[in-house]
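In what follows, a structure is listed as structure tokens, so that the remarks can point back to it.
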Protein chains: 2
Amino acid sequence: MAAPRLRRSQKERSEQTRSALLDAAIALIHEKGLAGTSTSDMAEAAGVSRGALTHHFKSREDLIAAAVEHMLLIAIEELRTFTKGFIAQNGSSDDIVDFLWDLMNRRLFIVTIEIMLEARHNPAFLDTVRPVVREWHQALDNIWNQLADRYGVEPEFARALMNGTLCLIRGMIAQSIIRVDPAYYAGLLDFWKRDVRAQLAGDKPGTVIPLGSAPRVAR
Amino acid sequence: MAAPRLRRSQKERSEQTRSALLDAAIALIHEKGLAGTSTSDMAEAAGVSRGALTHHFKSREDLIAAAVEHMLLIAIEELRTFTKGFIAQNGSSDDIVDFLWDLMNRRLFIVTIEIMLEARHNPAFLDTVRPVVREWHQALDNIWNQLADRYGVEPEFARALMNGTLCLIRGMIAQSIIRVDPAYYAGLLDFWKRDVRAQLAGDKPGTVIPLGSAPRVAR
DNA sequence: ACTTAAAAACCGTCATGCTTGTTTGTTTTA
DNA sequence: TAAAACAAACAAGCATGACGGTTTTTAAGT
């Protein structure tokens, strides 16, 4: 944005500052943590005054909640786009695992865990974010069902498998905060992808066995 | 503690207040989050004055770090005790999964994730907690090795499997913050336990197949 | 087209409350 | 009597929400 347009409609002005604040909030929560992100920080990062912030959001918490909703709605959109492509191109379960890993690794996991930890002891905040989180899980269920269809397994089974995938990814990212070791995580993910493949092919016994990245030793 | 002993040695007094502060810190971090835990809170919860707190710890961060170390050392001790029992009683991989789930679910995961999120953007703090985290992982590796021995698989393989277990558990607890559904988590854990069993029995093809809790449908 | 009044967006200051670390004083033990 | 443990008051800083004032846009009205 070289030179801001000299004349913008009220709606444009409003939407632009609002949007800038939402983006800044997410970026700051990711970078400095929720507790380390003050309203002044957010206003400054968004390039607006603190007064503008208070004009658009009635409290800090209100802004945070809106920012999280904003982020999740975008993620849901990405997920839906991916799902369409997945169906169209006959994707494999590996693609889903990779996609979720990338998606969560950007900012999604860190920001959501910051939010969840706050929500854990702030019931009002929890109620605020609950609806959009529900929407997120519905979008996930949708792709799980597509997967079940594709591999001819029970939806229940696919859901368990994929929820497990998400949990594993969450846990891996959590660990990656202190243990920086891309190869380790890549290995773990490969391990899991093979496992998922085998699980989905479970009705064809012959193909199931070769899991795990390391050779086994006779007992 | 009805009536505090009227006469305690300096060492006793010191150790008692120190210990009370460490315990209070962990309890409060678990209950109200790291950011929501002030030095006044900790002193009050420990039943000592804030002056006593500042006498024993040179800063809030110093106390927090000591408390985390305290917590992890206890967890390491528990892990070692369990490992001994595991070997003595010829335990199964299920026992390990159950043990880790219980252990992490008490306070360990929530508190560590609070700490890790802080450490993520506070290098000095990260350096402080790193050594004890390393010790924790060494204790874990130890039990992984025992497991590998027991099932006659490559240590590398057992480590991958068990690190995956830990990641899964972490992710599950993270999700459990917003989704309260014990049956769901129990199911996921069963699912995983079966998978681990199959993986460890991987060199005996015939026994591998029946994973997953839901029946499969022909394609 | 031009003026003008209202509304919306925006800005900056102020008051309040909380937190931390410091410091000075008191009690308990050695 | 000295030192350690403990207690309480103090000072400085920061964050939030409130508030009064300013600029920009909109919508009439003529």
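Naming convention: chains lettered A, B, ... in sequence-line order (proteins, then strands); numbering from 1 in each chain.
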Show me the side-chain donor-acceptor pairs of residues 21-36 of chain A shorter than 3.5 Å, one per line, residues at least two apart or across chains.
from: A/D23; atom 1: OD1; to: A/H70; atom 2: NE2; distance (Å): 3.3
from: A/H30; atom 1: NE2; to: A/R106; atom 2: O; distance (Å): 3.4
from: A/K32; atom 1: NZ; to: A/D41; atom 2: OD2; distance (Å): 3.4

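Comparing B/D41 and A/V48 by the nucleotide of DNA chain C whose heavy atom lies nearest to each, the residue mapping closer to the 5' end is A/V48. Both A/R13 and A/S38 lie near DNA chain D, and the one whose nearest nucleotide falls closer to the 5' end is A/S38.
Looking at residues two or more places apart in sequence or on another chain, you find a ring-ring contact (aromatic ring centres under 6.0 Å, His included) between A/F99 and A/F82. By the side chain to side chain contact (heavy atoms under 4.5 Å, CB included) test, B/S59 pairs with B/E61, B/D62, sequence neighbours left out. For A/V132, the side chain to side chain contact (heavy atoms under 4.5 Å, CB included) test picks out A/E69, A/L72, A/L73, with sequence neighbours left out. Residues satisfying the side-chain hydrogen bond (donor to acceptor under 3.5 Å, both in side chains) criterion with B/D181, sequence neighbours excluded, are B/R179. Residues forming a side chain to side chain contact (heavy atoms under 4.5 Å, CB included) with B/A148 (at least two apart in sequence, or on another chain): B/V153, B/P155, B/A158. Take A/A43 and apply the side chain to side chain contact (heavy atoms under 4.5 Å, CB included) test, not counting sequence neighbours, and it matches A/V48, A/R50, A/L53.
Axis angle across the helix from C/dA1-D/dT30 to C/dA30-D/dT1, with five pairs used at each end and values rounded to 10°: 0°.
One finds a side-chain N or O of A/T17 lying less than 4.0 angstrom from the OP1 or OP2 phosphate oxygen of C/dC10. Using a 4.0 Å cut-off, some side-chain N or O of B/S14 falls inside it from OP1 or OP2 of D/dA5. Applying the 4.0 Å criterion to OP1 and OP2 of D/dC6, one finds that B/S49 has every side-chain N and O outside that range.
In this structure, B/K193 NZ and B/D95 CG are separated by 8.5 Å, a value rounded to the nearest 0.5 Å.
For DNA chain C, none of the residues of residues 20-28 of chain B falls under the heavy-atom distance limit of 4.0 Å. For the segment residues 50-60 of chain B, the set of residues with a heavy atom within less than 4.0 Å of an atom of DNA chain C comprises B/R50, B/T54, B/S59, B/R60, in numerical order.
Heavy-atom neighbours of B/E78 CD from other residues, nucleotides or ligands within 6.0 Å: above the threshold of 12.
Distance A/E12 CD to C/dC10 C1': 17 Å, rounded to the nearest Å. In this entry the distance linking CG of A/D62 with P of D/dG17 reads 10 Å, nearest Å. The nearest whole Å value for the distance from the CD atom in B/Q16 to the P atom in C/dT28 is 15 Å. In this structure, the CG atom of B/L63 is 10 Å from the P atom of C/dT20, given to the nearest Å.
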Contacts under 3.5 Å, N or O only, protein and nucleotides 26-29 of chain D:
from: D/dT26; atom 1: OP1; to: A/Q10; atom 2: N; distance (Å): 3.3
from: D/dT26; atom 1: OP2; to: A/R7; atom 2: NH2; distance (Å): 3.3

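Put simply, the side chain of B/I96 reaches to within 4.5 Å of the side chain of B/W144, judged on heavy atoms.
Shown here for B/F57 and B/A66, the closest heavy-atom pair between the two residues is CE2-CB, 3.8 Å. Contact record, B/W192 with B/L161: CZ2-O, 3.9 Å, taken as the closest heavy-atom pair.
Applying the ring pair (Phe, Tyr, Trp, His ring centres under 6.0 Å) test to residues at least two apart or on different chains, none of the pairs has a partner in residues 106-128 of chain A.
At distances below 3.5 Å, not a single donor-acceptor pair connects side-chain atoms of A/R150 with backbone N or O atoms of A/S92.
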